[in-house]
There are 2 protein chains.
Amino acid sequence: MLNQSAHLDRTFHALADPARRAMVERLSHSPATVSDLARPLSMSLPAVLQHLMVLENAGLVATRKQGRVRTCEIAPAALAPLEAWIAARRAEWEQRFDALASYLDGLQRQGDPDA
Amino acid sequence: MLNQSAHLDRTFHALADPARRAMVERLSHSPATVSDLARPLSMSLPAVLQHLMVLENAGLVATRKQGRVRTCEIAPAALAPLEAWIAARRAEWEQRFDALASYLDGLQRQGDPDA
DNA sequence: GTGATAGTTAGGCACATGCTTAACCAATCG
DNA sequence: CGATTGGTTAAGCATGTGCCTAACTATCAC
């Protein structure tokens, strides 16, 4: 749990690129090799490798090499902190919204005690 | 819904920075002025302005100026597409997991028809 | 062995990002 | 009015990002 912020940095950043999201989408469907990932991407293999490293570094993708083929698989757990962060924000602003609602409700009761 | 990808780019990128996340966290609690946002951030005001523009551009924050004070407020709806994207990925890999499970289940039934 | 295949490393270029300081504008205060 | 406060703009710099090509390594097929 320590240095959570750096992990959020890496994960949000990893997903802030359409090519990397496409790779994650592809891997959500099934594991794939590096060339599989590269084929639909209209960019050189080294570029794909770099994106892959970003994803791996963020913990979003796990890879292992057997023979001369590297197989990539998604690592779903890495998305949990993102969801947790977003959920925490929603909790905060909903709490604020509730507070406003009950404040307005209180005003209304004051102005109209018989309601 | 068109060019959804560019919006995901901007939103993920906006959140991939601790200062910007801190601003969003602050604003999830209550609206604030630019100086309010800057105070805890140990960086110059122009730097804060730039971060604020990134957040505004991603639709995460809305601001309006009255007199010489700019007030910033969070715009919760901008997070929905992120959650939708993450949920879609989970749906995909869970489906894959279910398929694997039923495949293994089928194998087991084949090997042990009386079970 | 030869050659093809899958991936990797190195170097470099163009542009984006994150920050700074200095100068500036505009609303308010006294 | 002049001074202060809150914010904005401009310019510049250091570093990071995303891509490329060229060269290389390691496996596999024959």
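Chain A is the first sequence line, chain B the second, and so forth, proteins listed ahead of strands; every chain is numbered from 1.
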Do side-chain atoms of [X] reach the backbone of [Y] as a donor and acceptor pair under 3.5 angstrom?
X: A/His7; Y: A/Ala58; result: yes
X: A/Asp36; Y: A/Thr33; result: yes
X: B/Arg20; Y: B/Leu15; result: no

Of the listed nucleotides [options], the one nearest the side chain of [X]:
X: A/Pro46; options: D/dG18, D/dA22, D/dT5; answer: D/dA22
X: A/Arg68; options: C/dA6, D/dT8, C/dT8; answer: C/dA6
X: B/Met43; options: C/dG18, D/dT8, C/dT20; answer: C/dT20
X: B/Val69; options: C/dC19, C/dT20, D/dG6; answer: D/dG6
X: B/Gln50; options: C/dC19, C/dA27, C/dT8; answer: C/dC19
X: B/Leu45; options: D/dT17, D/dC28, D/dT8; answer: D/dT8

Could you state the [atom1]-[atom2] distance from [X] to [N], rounded to the nearest angstrom?
X: A/Asp9; N: D/dT15; atom1: CG; atom2: P; answer: 19 Å
X: A/Leu49; N: D/dT25; atom1: CG; atom2: P; answer: 17 Å
X: B/Arg64; N: D/dT8; atom1: CZ; atom2: C1'; answer: 19 Å
X: B/Gln66; N: C/dA26; atom1: CD; atom2: P; answer: 18 Å
X: A/Asp17; N: C/dT17; atom1: CG; atom2: C1'; answer: 15 Å
X: A/Arg70; N: C/dT9; atom1: CZ; atom2: C1'; answer: 13 Å
X: A/His51; N: D/dG18; atom1: NE2; atom2: P; answer: 6 Å
X: A/Glu56; N: C/dT8; atom1: CD; atom2: P; answer: 9 Å

| Between D/dC19 and A/Ser44, is there an OP1 or OP2 to side-chain N/O distance shorter than 4.0 Å? |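 Answer no for this pair, as no side-chain N or O of A/Ser44 is under 4.0 Å from OP1 or OP2.
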Base, sugar-phosphate or nothing for A/Ala47? Non-hydrogen atoms, less than 4.0 Å.
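Sugar-phosphate contact only.
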By nearest nucleotide on DNA chain D, pick out whichever of A/Ser42 and B/Thr71 is the more 5' one.
->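 Of the two residues, B/Thr71 wins.
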- Heavy-atom side-chain contact between B/Arg10 and B/Leu60 under 4.5 Å: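 Answer no - side chains too far apart.
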Using the rule that Ile, Leu, Val, Met, Phe, Trp and Tyr join whenever any side-chain heavy atoms are under 4.5 Å apart, tell me whether B/Ile74 and A/Ile86 fall into a single cluster.
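Cluster IDs for B/Ile74 and A/Ile86 match.
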